[in-house]
2 protein chains.
Amino acid sequence: MTETAQQSTDQPNRGVRLPRDARRAQLLSAAQDVFVANGYHAAAMDDIADRAGVSKPVLYQHFPGKLELYLALLETHGTELVSRVREAIESNPDNKQRVRAAVGALYEFVDREDQAFRLVFESDLRGEPAVERAVEQASSGCIDAVAEAVTADAGLDHERARLLAVGLVGLSQVTARDWLDTENSISRDEAVNLMSTLAWKGLAGFPMQQG
Amino acid sequence: MTETAQQSTDQPNRGVRLPRDARRAQLLSAAQDVFVANGYHAAAMDDIADRAGVSKPVLYQHFPGKLELYLALLETHGTELVSRVREAIESNPDNKQRVRAAVGALYEFVDREDQAFRLVFESDLRGEPAVERAVEQASSGCIDAVAEAVTADAGLDHERARLLAVGLVGLSQVTARDWLDTENSISRDEAVNLMSTLAWKGLAGFPMQQG
DNA sequence: CAAAATCTCTACCGACAAGTAAAGTTGGGT
DNA sequence: ACCCAACTTTACTTGTCGGTAGAGATTTTG
């Protein structure tokens, strides 16, 4: 039994009091649903409060404003993603399998039920430094993780290795989103296989190319 | 005394009448600057009018609303991009050079002075069907062009070829943007070389993989 | 040179959403 | 059972921005 049950569409539990942590978690969850569905701008604080079965001031007792609420989600999922990618890479000895694991981690993140990736990869809030920083942090976290693994193997200097890493992460991210949009598509495993093979074969061209 | 000579402080041409087409073009240019700099939401119609040295009602005599103005730019640059990619592919006989030309076209587009790519690749307007359609059209236009070239060469079925094409386009697009952000970086040509090599070597792994 | 048509500007309206103050309500401690 | 404290809610304020009406200027035409 989930004591912090979500109020999806109706609000049967309006008025019930929750411990502070549970309430905060519930608000975050509701906010995520609304932000994912509508984007930052179209998401109204009223919508979020309604979704949580709560009124607006309650929201403002837990978060100082809309931006902070958004940032809390963004940072959580950003670091989450970076962790998953790092784990995937570090828990595999072989470099080829590392690439596959990294691509797999990206796909898994995109395939999550809560669609958290839309916050990180499709944020519609621009010009806000804190947001750009959070997104940049997630992005460069993944890139650095891949770049480290690639540098040694491909025998490239840091700058070029990083560009390759950017390519691999971008490739995974974009294809993962496309794969998700294409409903009746091939299985996730096969998509990951295709992409990691593409990446690996591509990388294989480089040591001899440079040295 | 009552000279309205204040005109020349910011916008020297304030008050000057222009033929309809010229005015429209100027407005589009101003709008692009503002949309690129601030994104859709933060761009105010007043800003655009000011930037064009014109007042707001003039804007509304040429475009029925903010959305239509935005769409006009989006569609123009979207089709422009697709054309460039198609040209790049079709004007090269060799498949390897086709890949390089396609990647080069993406980089060129991103490297344009007016930064039009930010409208197509970083649009912060979501939920508006017309916008999603325009972006989708640009995206799929590029993808299809690449997919056609890839299908024959790699001996893959349509679905997998398309996924690969998505990967190549995504790879180019993401790395191009990253390359642009990294000021003191390697030259565009070398970046294009790196990426198209990565793509080509990666693709080379596929005919034998499947057949 | 004068008058009208046309273009442009200043000033305004209304909608919408973030954030808040004060009233109302519920539950826990004694 | 009662009262206090914390939690919730209703209802409001405020600021911003898309869009518009009517006044003012300028070029063209008779």
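The chains referred to below are lettered A, B, ... by the order of the sequence lines, with proteins before strands, and numbering in each begins at 1. Note that the coordinates shown come from a computational prediction; the quantities given were computed from them, not determined experimentally.
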Task: Rounded distance in Å - CZ (B:R23) to C1' (C:dT6) - done: 13 Å
Open item on the list: How close do A:A102 and A:I89 get, counting heavy atoms only, and between which atoms?
Closed with: CB-CG1, 4.0 Å
Open item on the list: Between P on C:dC13 and OH on B:Y60, what's the gap in Å once rounded to a whole number?
Closed with: 17 Å
TODO: State plainly whether the residues A:R51 and A:D33 are in salt-bridge range, i.e. N to O under 4.0 Å.
DONE: yes
Task: Separation of C:dA18 C1' from A:F63 CZ (nearest whole Å) - done: 16 Å
- [ ] Salt-bridge test for A:E87 and A:R84: reply yes if a basic N is under 4.0 Å from a carboxylate O, no otherwise.
- [x] yes
Open item on the list: How many whole angstroms separate atom CG of B:L59 from atom P of D:dG19?
Closed with: 10 Å
Task: Per A:S55 side chain, nearest of listed nucleotides C:dT8, C:dA18, D:dT9 - done: D:dT9
- [ ] Would you kindly give the NZ-to-P distance between B:K56 and D:dT20, to the nearest whole Å?
- [x] 10 Å
Task: Spacing of B:H62 atom NE2 relative to C:dC7 atom P, expressed in whole Å - done: 9 Å
Open item on the list: Counting the benzene-type ring for Trp, do A:Y70 and A:Y40 have ring centres under 6.0 Å apart?
Closed with: yes
TODO: Name every residue in residues 36-47 of chain B that has at least one heavy atom under 4.0 Å from any atom of DNA chain D, in order of residue number, or write none if there are no such residues.
DONE: B:A43, B:A44, B:M45
Task: Separation of atom NZ in A:K66 from atom P in C:dA17, rounded to whole Å - done: 9 Å
Task: Charged N-O contact under 4.0 Å between A:R86 and A:E148 - done: yes
TODO: State plainly whether the residues B:E132 and B:R126 are in salt-bridge range, i.e. N to O under 4.0 Å.
DONE: no
Task: Integer-rounded Å distance: D:dA6 P and A:Q61 CD - done: 12 Å
